[in-house]
Amino acid sequence: MQAPSLGGVTVPRGDGSTTIRVRRGSSLTDFADKINANPASLVTVLFHLGEMATATQSLDEDTFKVLGAELGYDIQVVSPEEEEKELFDSFNIDLETGIEGEDDEDLQPRPPVVTVMGHVDHGKTRLLDAIRNEDVAGGESGGITQHIGAYQVHKVHEGVDRPITFIDTPGHEAFTAMRARGAKVTDIAILVVAADDGVMPQTIEALNHAQAADVPIVVAVNKIDVEGANPSKVRQQLTEYNLVAEEYGGDTMFVDVSAKAGENIDALLEAVLLTADAALDLRANADRDARGVAIEANLDRGRGATATVLVQAGTLHVGDAIVTGSAYGRVRAMLDEHGDNLTEAGPSRPVQVLGLSSVPRAGDTFVVAPDDRTARQIAERREAADRQAALAKARKRISLEDLNEALAAGKVETLNLILKGDVSGSVEALEDALLQIDVGDDVDLRIIDRGVGAITLNNINLAMASDAIIIGFNVRAEGQNADVAEREGVEIRYYSVIYQAIEEIEAALKGMLKPEFEEVELGSAEIREIFRSSKFGNIAGSIVRSGEIRRGTKARITRNGVVVAENVEIAGLRRFKDDVTEVREGFECGINLGSFNDLQLGDLISTYEMREKPRD
């Protein structure tokens, strides 16, 4: 029915129970089409509700909720996953890749999919080479002639020839980047630890990523043949991270190997198969249209867009019409890791596919469509939805402010935190203090990663995949990493006093957050030269990287991402021989930091001001 609304405009109103579903990133025009209203009238209604928006501007979920409450509609913003499912349902395509919903008699055993992770220089690549060579020595014809991002090896286990699929990713960064996009690819992780080095920072990082993904872990203790090797020390160190070896009464298999000498590789493959049989139900229906995920893709000069895909369910055939992300096409050819042509690929089989219209992203799902036209329509609609979502306001995945709201709605049961600090002592003290906060039964406080040094892209990827908040203690995310965090809606909280971090998180968990002061970055400059002055001390010859540098503002000095000085005043600012009050991005200047003289080339000077920000 038509009824007057705010501002005297007439719009169709709902009865309070009418549900309208809109995709994430929709505009007022999209909503107006669904209720047969004039978009201009909705702009007016929104204006009277205190929100400014144009008819074509993408709106966030909160704005739609306010508008829906006013007009009598229950507006549901569809998540990317729901949207994807609705899209494929409209074409009668089943997206399921798991064993749920399948008849038991249709399910056949499938090979495990394994990712190798670990610290740099602990022998991941050498181990992968040794596994390949073991397979070649076992009778496989020829070596691997090209890199396709994944390959299969064979192991005779209890008299049966068992294939194992290895994803040759560059470590846990790609593992988590794919998981952040919802691609559950890996069944088992092999954690490589050098027997002479022991557990290192990236070992812990890799372990945290695997545990956050709830993936069984097999530990390969590498370099047992080098001087100073101590495999038992590795076992003891990993007990601190809930990886207890079977010989210590735990359930994690440890295998001592030498990738260089090719020693015990067979035992490692045996451990992978035993872990798969004991901990996982690895079955799939091969007699259906293929579903899976793109592991990597590139543009080949001679062959066009190529993608390495991992079939997770069904069987992929040459000639199938497929769609992966916003790329589509007909499978012209499929190549295995040896460069040989295949006509079909079953579950857990990685193959390189030729014939796509464009290059998909790692982690994009692929499905077989009934025909080329359907594949193109799905790809075009996916591309349009991606474009709309990118235009939407960046929405926090989870923040301290909306934690109570999320708790009340039942969306959050665990508050995941990632801790980064300047020294390990601070991180440990902060972790201990946070874990002692009594948060009751409503929410579980969990620290999924901790480390020393600047906040990296890897930390942000893990936060995206796990809906975590990053706590930076005397360290910061800078440059591209800060941009990615802002774009992806990952909240990073910066602290320089431990009790302040503890108080804020405790207050957030108990719903007592008070108005806070928000730090607003004004500009940053990189030190290129240091000039000595008898009158003024050290002068930082700098180039302004972003924003503007103003005289009289407060500054922070960071070196390699670690804060070396806080609350330093920009005492003087010069352009050539002239005193100036501000210098904009791209210009060079001389900066006098008053009594602070501990400067080095490459240091970053970031200026900021504190503004009071009332909480919602």
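We're numbering straight along the sequence, starting at 1.
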For [X], enumerate each residue passing the side-chain hydrogen bond (donor to acceptor under 3.5 Å, both in side chains) test, keeping only those at least two apart in sequence or located in another chain.
X	answer
Asp196	none
Arg349	Glu337
Asn242	none
Asp225	Ser258

Discussion item. Does anything in residues 213-223 form a side-chain hydrogen bond (donor to acceptor under 3.5 Å, both in side chains)? List the pairs, not counting sequence neighbours.
Written reply: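 Of all non-adjacent pairs touching residues 213-223, none passes side-chain hydrogen bond (donor to acceptor under 3.5 Å, both in side chains).
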
Item to complete: Please confirm whether the backbone N or O of Gly339 pairs with a side-chain atom of Asp336, one donor and one acceptor, at under 3.5 Å?
Response: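 Yes: the side chain of Asp336 pairs with the backbone of Gly339.
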
Worksheet entry | Pairwise side-chain contact, Ile167 with Ile295, heavy-atom cut-off 4.5 Å (strictly under) |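 Counting from C-beta outward, Ile167 and Ile295 do come under 4.5 Å.
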
Worksheet entry | Contact check, side chains of Val257 and Leu127, non-hydrogen atoms, under 4.5 Å |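 Contact flag for Val257/Leu127 side chains = yes.
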
Discussion item. If you count heavy atoms of other groups shown closer than 6.0 angstrom to CD of Glu247, is the number above 12?
Written reply: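 Counting other residues, nucleotides and ligands, CD of Glu247 exceeds 12 neighbours.
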
Worksheet item: Should we count CG of Asp371 as having more than 12 external heavy atoms under 6.0 Å?
Response: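 Atom CG in Asp371 is packed in, count exceeds 12.
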
Worksheet item: Charged N to carboxylate O under 4.0 angstrom, Asp129 versus Arg126?
Response: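 Judged by the 4.0 Å cut-off on N to carboxylate O distance, Asp129 and Arg126 do not form a salt bridge.
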
Worksheet item: How about Gln152 and Thr165: does a side-chain donor come under 3.5 Å of a side-chain acceptor?
Response: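 Yes - a donor-acceptor pair under 3.5 Å links their side chains.
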
Worksheet entry | Pair Thr275, Asp277: side-chain N/O donor-acceptor within cut-off below 3.5 Å |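 Side-chain D/A pair, Thr275 to Asp277: absent.
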
Practice prompt. List the atom of Val562, the atom of Ala454, and the distance in Å for their closest heavy-atom pair.
Written response: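 Closest approach of Val562 to Ala454, heavy atoms only: CG2-N, 4.5 Å.
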
Worksheet item: With respect to Arg162, which candidate in Glu270, His154, His157 satisfies the side chain to side chain contact (heavy atoms under 4.5 Å, CB included) definition?
Response: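 That would be His157.
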
Worksheet item: Does anything in residues 305-332 pair up under salt bridge (Lys or Arg N to Asp or Glu O under 4.0 Å), and if so which pairs, sequence neighbours excluded?
Response: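 Listed once each, the pairs are Arg330-Asp372.
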
